[in-house]
Amino acid sequence: MDAKDVISCRHAKFTNGGGDSATHYFICEMNGKVTDPAKCSTCRALGRDKTLTDADQEKIIQNACRRAGLYGHVKWLQTHRDAHTWAEKIAYMYRKPGYRIMPTKGSVMYCETLDMCFFFMYGKTPAMAYAGYMAAGGSDNAEKLATAFKKGEELLRFMKEELEAKA
């Protein structure tokens with residue numbers, strides 16, 4: 001199996017490349033198994049074969065933030081110039097195919113030098129982008145960073161639960 005013959009299980013990205021479909025393999029990124037995109041039950045069960053509307057993404061992010069005890073303001077990135085932090089720039093690269101606008105939630109997460117951005121990767125999968133640094137003698141330490149990543153993981157879990165409840 002050549003690398004060019006492997007197509008990831010992002011349903012919006014399926015193509016047969018104009019060649020014989022028998023030469024292509026579809027790999028489900030949820031379970032790593034070779035599958036047919038139309039029959040990927042794991043992805044269909046999780047709604048991975050459909051993208052969420054922008055309004056649904058915003059609502060899920062807001063609800064997850066409330067559950068995690070965070071301020072739920074959602075920032076809409078309409079162009080790459082709207083992404084002011086490195087985390088937002090990373091997130092913007094994973095917007096829905098063919099779309100420019102995307103809802104995101106940015107937070108410094110208890111640290112002065114760590115920025116996190118929560119969003120739906122390709123309009124489907126809860127995701128978090130992060131960027132930052134830690135300086136010797138700085139106010140951010142390993143304990144604060146660990147707390148921030150635990151809170152980020154909690155928010156992603158809540159986003160996933162809200163997504164599953166919507167489905």
Side-chain angles (χ1 to χ4, degrees), residues 8-13 27-33 40 42-167:
S8 176
C9 193
R10 291 188 185 106
H11 293 274
K13 297 245 177 192
I27 305 294
C28 176
E29 63 183 25
M30 295 300 296
N31 60 23
K33 296 180 181 173
C40 183
T42 304
C43 289
R44 278 201 337 257
L46 293 175
R48 295 288 307 268
D49 57 336
K50 299 179 193 109
T51 59
L52 294 165
T53 66
D54 296 336
D56 287 341
Q57 291 176 54
E58 178 185 32
K59 192 73 161 165
I60 289 171
I61 291 170
Q62 288 173 337
N63 291 343
C65 286
R66 279 190 213 103
R67 288 178 62 188
L70 297 173
Y71 179 60
H73 175 71
V74 171
K75 179 178 180 180
W76 289 83
L77 301 180
Q78 295 184 357
T79 68
H80 68 279
R81 283 171 278 177
D82 294 332
H84 298 289
T85 67
W86 284 108
E88 289 174 348
K89 291 173 195 239
I90 294 168
Y92 190 72
M93 293 187 306
Y94 294 99
R95 64 194 179 280
K96 286 193 286 189
Y99 282 71
R100 294 186 74 168
I101 189 168
M102 74 180 290
T104 63
K105 163 63 177 135
S107 178
V108 291
M109 299 298 276
Y110 317 115
C111 297
E112 293 179 22
T113 60
L114 174 68
D115 178 47
M116 292 184 172
C117 183
F118 298 89
F119 61 100
F120 281 90
M121 185 182 299
Y122 303 115
K124 303 173 189 178
T125 308
M128 169 183 72
Y130 54 90
Y133 65 93
M134 188 167 92
S139 62
D140 292 344
N141 56 33
E143 186 177 308
K144 282 186 175 180
L145 293 174
T147 302
F149 279 99
K150 284 180 186 172
K151 184 57 100 171
E153 183 179 38
E154 178 184 33
L155 185 55
L156 285 175
R157 187 176 71 246
F158 289 151
M159 287 171 67
K160 184 178 178 185
E161 288 172 5
E162 293 285 332
L163 174 63
E164 290 169 353
K166 186 195 173 317

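- Tyr122 contributes atom OH, which lies 10.0 Å from atom CZ of Arg95 (distance to the nearest 0.5 angstrom).
- Side chain of Asn63 to backbone of Ile60: no donor-acceptor contact under 3.5 angstrom is found.
- Residues Ala91 and Ala129 share a closest heavy-atom pair of N-CB, 4.1 Å.
- Nearest heavy-atom pair, Leu145 versus Cys111, reported as atom, atom and distance to 0.1 Å: CD2-SG, 3.8 Å.
- With sequence neighbours excluded, the residues that form a side-chain hydrogen bond (donor to acceptor under 3.5 Å, both in side chains) with Glu112 are Ser139.
- Minimum interatomic distance between Ala131 and Ala87 (heavy atoms only, all atoms of both residues): CB-N, 4.0 Å.
- Glu153 and Lys150 are not joined by a salt bridge, as no carboxylate oxygen comes within less than 4.0 angstrom of a charged side-chain nitrogen.
- Proximity of Arg67 to Glu161: side-chain heavy atoms (C-beta onward) are separated by under 4.5 Å at one or more points.
- Residue pairs satisfying the salt bridge (charged side-chain N to carboxylate O under 4.0 Å, His left out) criterion with at least one member in residues 128-148, sequence neighbours excluded, are absent.
- Contacts of Lys75 classified as side chain to side chain contact (heavy atoms under 4.5 Å, CB included), with partners at least two apart in sequence or in another chain: Leu77, His84, Glu88, Thr104.
- The minimum heavy-atom distance between Glu162 and Ala64, with the atom names listed, is CG-N, 4.3 Å.
- For the atom pair CD1 of Ile101 and CH2 of Trp76, the computed distance is 5.5 Å after rounding to the nearest 0.5 Å.
- Leu156 pairs by the side chain to side chain contact (heavy atoms under 4.5 Å, CB included) definition with Phe118, Pro126, Met128, Met159, not counting sequence neighbours.
- Note that CE of Met121 and CE of Met93 are 9.5 Å apart. Values are rounded to the nearest 0.5 Å.
- Within the structure, ring-ring contact (aromatic ring centres under 6.0 Å, His included) contacts touching residues 130-164 (residues at least two apart or in different chains) are Tyr130-Phe149.
- A side-chain donor-acceptor contact under 3.5 Å links Gln57 to the backbone of Leu52.
- Between the OG1 atom of Thr147 and the CG atom of Leu114 there is a distance of 11.0 Å, given to the nearest 0.5 Å.
- Pairing each heavy atom of Pro103 with each of Val74, the nearest pair is CB-CG1, 3.6 Å.
- Closest heavy-atom contact between Ala83 and Lys89: O-CE, 3.5 Å.
- Residues passing the side chain to side chain contact (heavy atoms under 4.5 Å, CB included) test with Thr53, sequence neighbours excluded: Ala55, Asp56.
- A distance of 12.5 Å separates CD in Gln78 from CE in Met102, rounded to the nearest 0.5 Å.
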